[in-house]
S.K.: 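Mind looking over this structure? Questions follow.
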2 protein chains.
Amino acid sequence: MDKIRQNTLHGEVAERIRDLIAQGALAPGSRVPEKQLCEQFGVSRTPLREALKVLAYEGFVELLPNRGARVAKLTKATLKSTFEVMQSLEALAGELAGQRITEAELANIEALHYQMLSHYKRGNMQEYLLANQQIHEAIVVASQNDVLIDVYKNLNHRVRRVRFTAELSNDYWSQAVSEHESMVEALRARDGAALGGILSRHLRNKVEMSALEEMAE
Amino acid sequence: MDKIRQNTLHGEVAERIRDLIAQGALAPGSRVPEKQLCEQFGVSRTPLREALKVLAYEGFVELLPNRGARVAKLTKATLKSTFEVMQSLEALAGELAGQRITEAELANIEALHYQMLSHYKRGNMQEYLLANQQIHEAIVVASQNDVLIDVYKNLNHRVRRVRFTAELSNDYWSQAVSEHESMVEALRARDGAALGGILSRHLRNKVEMSALEEMAE
DNA sequence: GCAAGGTCTTCTGAATTCATAATTAAGGTT
DNA sequence: AACCTTAATTATGAATTCAGAAGACCTTGC
């Protein structure tokens, strides 16, 4: 995220608003009260409105002419679209990571993988999902493609608020774990094509989608 | 681009700055003179700076703390990364378009395809590239995936300034045309898998990359 | 003559002020 | 009593003002 230091005021404000949205403090579809947030953050409206412009582009809010900003609704259709794109990007990341991953990155992913396995065996889903997430992010970073990393992180941010709410069935869960096993093997073999294929068929996102059928309006 | 009306002042300003960058009026690496652009556009600094925040997240400029904005340099590495991602997104678009394309969209793409062929036969490269571009965009739109469309258009914007400068060799050109032939066939057959495969191997971007070897620092 | 330190100018970052548009409430009319 | 119209209030959009930082230029000392 912060390839350039995010130490600007509008950057800080944007980050905090993202958090508010992710936490649900700002409900989807509700208006974003500029004045209230200003005093809450202790800043004037100028940096806050700059932050809103950025958030609008990132897809967190939508700007209505002369009517301010509303929190984006994140419909089921949007979620589906987002996961489709993320899955495709992960496939590309896998392909590239197979060619470009460093020893250190591989070791890190293996460590995460074993952590994830241990969480799986203990049935700790929250920790499992966290490690899972970190593995996918690490693969994206290992692609060494800055544009890919940026776009992926942005999309990941957008769906952050619905992550970690999924309830996995045991069948899905065990299959996802076995796919992760194959992923690590492909990484060790530096087999980008195989890894890309696994990731493009990896059902993590599909699982999350199905788990989200009820929510998201 | 304008899913919501872009009729805001900062949106207009952003568009005009994008144009200036694409036209080369603002050189890569050079600073963005706020004051000068303000009087040039006849607006105050507030909407202009809001526009710069957006452009920063779009990748057109980078913000240096307390030193304003510089036009992003678009190095060869960045170009390569961008094309990698775009190619992957096009592959996904092809896959989805195969399942979801409407009759009208298909007819439109076929019409563009024949226009493109005619430009090819006449050796009119500029017109060929334009039609080519439109076909790829139309396939992306036919994917019916709004997130994909947004991300793709953004990346397309970024590389706009280096498009249409490529000089294609005859070998590359004829191969690209034959690949386009296969693409239209796959679309007619609603064969998303095939179309995705063709697009992921389509060498248009590679051609452009090679043609851009010398430029972009 | 060259370098180092300081000051001055210019530009960015943020707050405040001003204007305009929208929404809501109140009053009048039907 | 209900609905429409109008006015007032509130919030957004933009300009201006103010403060702080960076860069340039000049002066002075070595």
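Numbered from 1 within each chain, the chains take letters A, B, ... in sequence-line order. These values consider heavy atoms only, across backbone and side chains, with no hydrogens, waters or symmetry-generated copies.
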S.K.: Classify the angle between the aromatic ring planes of A/His202 and A/His136 as parallel (below 30°), tilted (30 to 60°) or perpendicular (above 60°).
M.R.: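 If you compare the ring of A/His202 with that of A/His136, the planes turn out parallel.
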S.K.: If I compare all heavy atoms of B/Ala51 with all of B/Ala14, which pair ends up nearest, and what's the gap?
M.R.: CB-N, 3.7 Å
S.K.: How are the rings of B/His113 and B/His180 set relative to one another: parallel (under 30°), tilted (30 to 60°) or perpendicular (over 60°)?
M.R.: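 Because their plane-to-plane angle is under 30°, the rings of B/His113 and B/His180 count as parallel.
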S.K.: Summarise how protein sits on nucleotides 9-19 of chain D as a single string, 5' to 3': B when a protein heavy atom is under 4.0 Å from the base, S for sugar-phosphate-only contact, - for no contact.
M.R.: --SBBBBBB--
S.K.: Could you tell me which non-hydrogen atom of A/Leu74 sits nearest to which non-hydrogen atom of A/Arg158, and how far apart they are?
M.R.: CD2-O, 3.9 Å
S.K.: For the backbone of A/Glu62 and the side chain of A/Arg70, can you confirm whether one donor and one acceptor N or O come within less than 3.5 Å of each other?
M.R.: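 It does not hold such a pair.
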